[in-house]
Amino acid sequence: MADDVRGPRVLDVLAAEEPWEVPAEWTARVRAQLRAWADDPEALRPLRAEAFPGFIKGTPASVWFTHEIAPLLTGWIPVLHGEYADLGTELTHDFYRPSSRLGGAGHVVYVAPTDWHLQAIAGARGFREHGRRQALRLSRDVVSLFLDAPPMAARAQALTAAFDRVLADREASHLHVTGEYDDIAQYWRNDALKDSERAVLPELGGPTAALRYSLNSIRDTHARLLMTSPDEYAGDYAQLMAELILATGLRGIPQAVAKSLGNATQDLEKALGEIHQTFNRQVWLAHVNQWLARAIRNGQAPIARAWAAAATRAAIHLSGVLSKAPWPEPEIPDLTSLFRILDRERWSVIEATAAAESEANSLSSAWNAAREEAEGSGGDGTLDEPLPKPLDFSDDPLAELDSLIGLESVKDAVRKMVAEVKTNLRRTELGLPSHERARHMVFVGKPGTAKTTIARLLSRIYHQLGVLEKGHVVEVDRSDLVGPSVGSTAPMTAGKFREALGGVLFVDEAYSLTPENTPGDYGLEAVATLLKLMEDHRNDCIVIVAGYHREMQRFMESNTGLASRFPKLLSFSEYDTDQLVGIFELQARQKGMIYGEDVLDKVRSVIPPAPRGHSFGNGRFIRNVLEEAVSNQATRLSARDPDSLTERDLRELIPADVRPPTSMRAEDYLLQKPGT
């Protein structure tokens, strides 16, 4: 893949002080070594499998092991962001076909057992001695690939040194070749590591050591952040732990945590008693976001990042994810908001937003100045100059894409897709082989974040490029694809797919097709039918599946055939208040309405303060505000003589027109789901 036009591609490890711009030559060297292992017919022969899950047939264990451990060499329960967030997949994509790729505003939190470094050794436990020895060697060799990668170097050096000692020690090597796996795991917990190595690989000491490390790291980083960036709402360590416990939905202190804290448990119990009646998770998360944002603006980004990484580890321990309990929702802390702040620092999005706001404000200022001039001239308040025309992007979907507020990572992804299509069309004209890949996509994000809008724009763009014959969008959900009885689902799904031929099939809340703990559900038949039709008509229709991030992750893992069909993921972030006001301006101008700064101030006042909760409609909320304002304007003008109304009267909104929406459109009502 080519580097991003804005610069090198980035691996952003939250616990690190700053993102790592991944050198293309480093990636090429790692991939070359993986290909060399795969191409050597004698290398690691006993450790070649017919197929590791998700990997092509004949993939050697060294490649699979690289995929598994690469992210975990960045830290215990690491949080990764940036173009290389899906690190293992980026390095092994010659052998592995993932269900999605993270990028832009996406991030991923990796969790693994505390014996993650022994996966190849564990997998070879049924082999003969030669195969088990090879598993030990390949474990060491794979880890050594990361010795010169800054975010992984310290842990890779410690682990490589430990593997080298095992290989050089006859007794330890014999244990790995002939012993029981439980004895091998116990050896690593107690004897394999030096103290200096244990300090950077704390989880290898087992679950208790991992918990102790997580609790100690949040204690230490909390104290450092309080010293460098004091906050009136941030209490001491006991209060923070009480807040984390309540934020993850617990009512008391887990036994393992109490045991690890020892005497400090009494302070924690006291703190819990003081705040449990008044604690509000959303308010607390908002305070944390403001605290971290202030620290970042004041030059304390490294400690803010370390605090957030430590809090994430502690929250995962508390919530029971390590014991297969559900993931905390929302994430604690709010990692999406945090990375949005960090990305603004890195990409200078603040300046770009300010420029866009300045342009929009200049239009409003120009109108106000013209109005004042007309009114001050002694005229009737009407303008001789024509009013600004409504925005019209019907013939230029790319211009409409550029006009959208926010969505920088999504816009960038769309531009890259357009560039790929144009390049392949030129290759075809010159008789060269094209580098086509499936165009089906996964959209993840909350309601009202422009997922459907982008789908419609993509369909129009691909139609203009000649990729899609019609360029229309067919929007469906479970009720359009899944029938009520045996034999009815496949025809319904096929009918909607045929309707979308030549355009885009947009499946909203696609995860509802594979409900949890419902074996035999007809939705599984709809998924199977879709996959078959996508294969039969691979160039005639683009399928986009959309929904919440966590639910879509589960959906993509529900059927192995989905992995190779949807190679691209676009993540849609929520809008902040300034962006929501910008959306109001854009939609008002598209409707031909005119307004002043006082109207925008009123719009800002009706937007609920952050955090806005799981069900907030984002852009859909703003659309309702605008439509309510237009309706209120009509009511206001109806009291006047129709013949006296000028074009300006009919197009101008005033602050009194803007009120919190008291109703919603029928389609918005139907989109509301129980519990959202």
Side-chain angles (χ1 to χ4, degrees), residues 86 98-109 326-331 335-336 407 409-410 413 438-459 473-482 493 496-497 500 504-518 521-531 534 542-559 561-563 565-575 612-621 667-676:
D86 196 358
S99 58
S100 62
R101 286 186 185 277
L102 294 173
H107 64 267
V108 62
V109 183
W327 198 278
E329 184 67 37
E331 286 178 327
L335 297 173
T336 299
L407 303 175
S409 65
V410 173
R439 298 191 179 96
H440 309 299
M441 284 166 270
V442 182
F443 286 6
V444 296
K446 291 185 177 180
T449 49
K451 297 189 294 296
T452 306
T453 298
I454 293 296
R456 292 168 180 165
L457 286 174
L458 274 171
S459 188
V473 177
V474 176
E475 301 173 36
V476 299
D477 58 19
R478 177 184 169 92
S479 63
D480 299 304
L481 304 178
V482 180
T493 302
K496 284 296 181 182
F497 190 92
V504 168
L505 180 66
F506 184 82
V507 186
D508 198 14
E509 295 184 335
Y511 51 82
S512 64
L513 298 176
T514 57
E516 292 186 283
N517 304 318
T518 311
D521 185 86
Y522 297 146
L524 300 174
E525 183 181 0
V527 172
T529 304
L530 273 179
L531 291 176
M534 289 164 63
I542 295 174
V543 177
I544 298 175
V545 291
Y548 292 101
H549 189 283
R550 295 289 178 199
E551 287 83 348
M552 289 305 297
Q553 185 175 15
R554 176 183 60 77
F555 170 71
M556 295 305 294
E557 294 171 351
S558 66
N559 185 309
L562 291 169
R565 303 307 202 282
F566 293 92
K568 184 173 289 292
L569 179 145
L570 273 63
S571 181
F572 292 71
S573 300
E574 292 188 88
Y575 297 106
R612 301 187 176 96
H614 196 61
S615 60
F616 180 67
N618 285 282
R620 190 176 299 149
F621 172 87
E667 66 182 84
D668 293 338
Y669 175 79
L670 294 173
L671 284 169
Q672 303 300 306
K673 303 298 180 183
T676 66

Non-hydrogen side-chain atoms of [X] and [Y] separated by less than 4.5 Å:
X	Y	value
Arg565	Leu531	yes
Phe555	Val527	yes
Ile544	Val507	no
Val442	Leu570	no
Val482	Leu513	yes

Q) Does Ala450 have any side chain to side chain contact (heavy atoms under 4.5 Å, CB included) partners at least two apart in sequence or in another chain, and if so, which? A)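 For Ala450, the residues satisfying side chain to side chain contact (heavy atoms under 4.5 Å, CB included) (neighbours in sequence not counted) are Leu407, Thr453, Tyr575.
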Does [Y] offer a backbone N or O that forms a donor-acceptor pair with the side chain of [X] under 3.5 Å?
X	Y	answer
Arg439	Ile542	no
Lys451	Val545	no
Thr449	Lys446	yes
Thr493	Leu481	yes

Closest contact, heavy atoms only, [X] versus [Y]:
X	Y	value
Ser459	Val504	CB-CG2, 3.6 Å
Pro447	Arg620	CB-NH1, 3.8 Å
Asp480	Val476	OD2-CA, 3.3 Å
Ser571	Ser409	O-OG, 3.9 Å
Val473	Ala455	CG2-O, 3.9 Å
His440	Pro567	O-CD, 3.3 Å

Once you round to the nearest 0.5 Å, how far does [atom1] of [X] lie from [atom2] of [Y]?
X	Y	atom1	atom2	result
Leu524	Thr529	CG	OG1	10.5 Å
Arg554	Arg550	CZ	CZ	13.0 Å
Arg478	Asp508	CZ	CG	14.0 Å

Q: Tell me, with the steps shown, if Met441 and Phe566 meet side-chain contact (heavy atoms from CB on, under 4.5 Å).
A: CA-CA 5 Å; Met441 284 166 270; Phe566 293 92; 5.5 Å; no
Q.
Run Val109 and Leu335 through side-chain contact (heavy atoms from CB on, under 4.5 Å) and show every step you take.
A. CA-CA 10 Å; Val109 183; Leu335 297 173; 3.9 Å; yes
Q) Quick one: ring-ring contact (aromatic ring centres under 6.0 Å, His included) partners of Phe443, sequence neighbours excluded? A)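 So Phe443 forms a ring-ring contact (aromatic ring centres under 6.0 Å, His included) with Phe572.
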Q.
If you apply the rule side-chain contact (heavy atoms from CB on, under 4.5 Å), what do you find for Glu551 with Val444, and how did you get there?
A. CA-CA 9 Å; Glu551 287 83 348; Val444 296; over 6 Å; no
Q.
Whether Lys496 and Glu475 form a salt bridge (side-chain N of Lys/Arg under 4.0 Å from carboxylate O of Asp/Glu) is what I want to check.
A.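 Looking at Lys496 together with Glu475, the answer is no, because their closest N to O distance does not fall below 4.0 Å.
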**Q.** Full working for side-chain contact (heavy atoms from CB on, under 4.5 Å) between Leu505 and Phe497
**A.** CA-CA 7 Å; Leu505 180 66; Phe497 190 92; 4.1 Å; yes
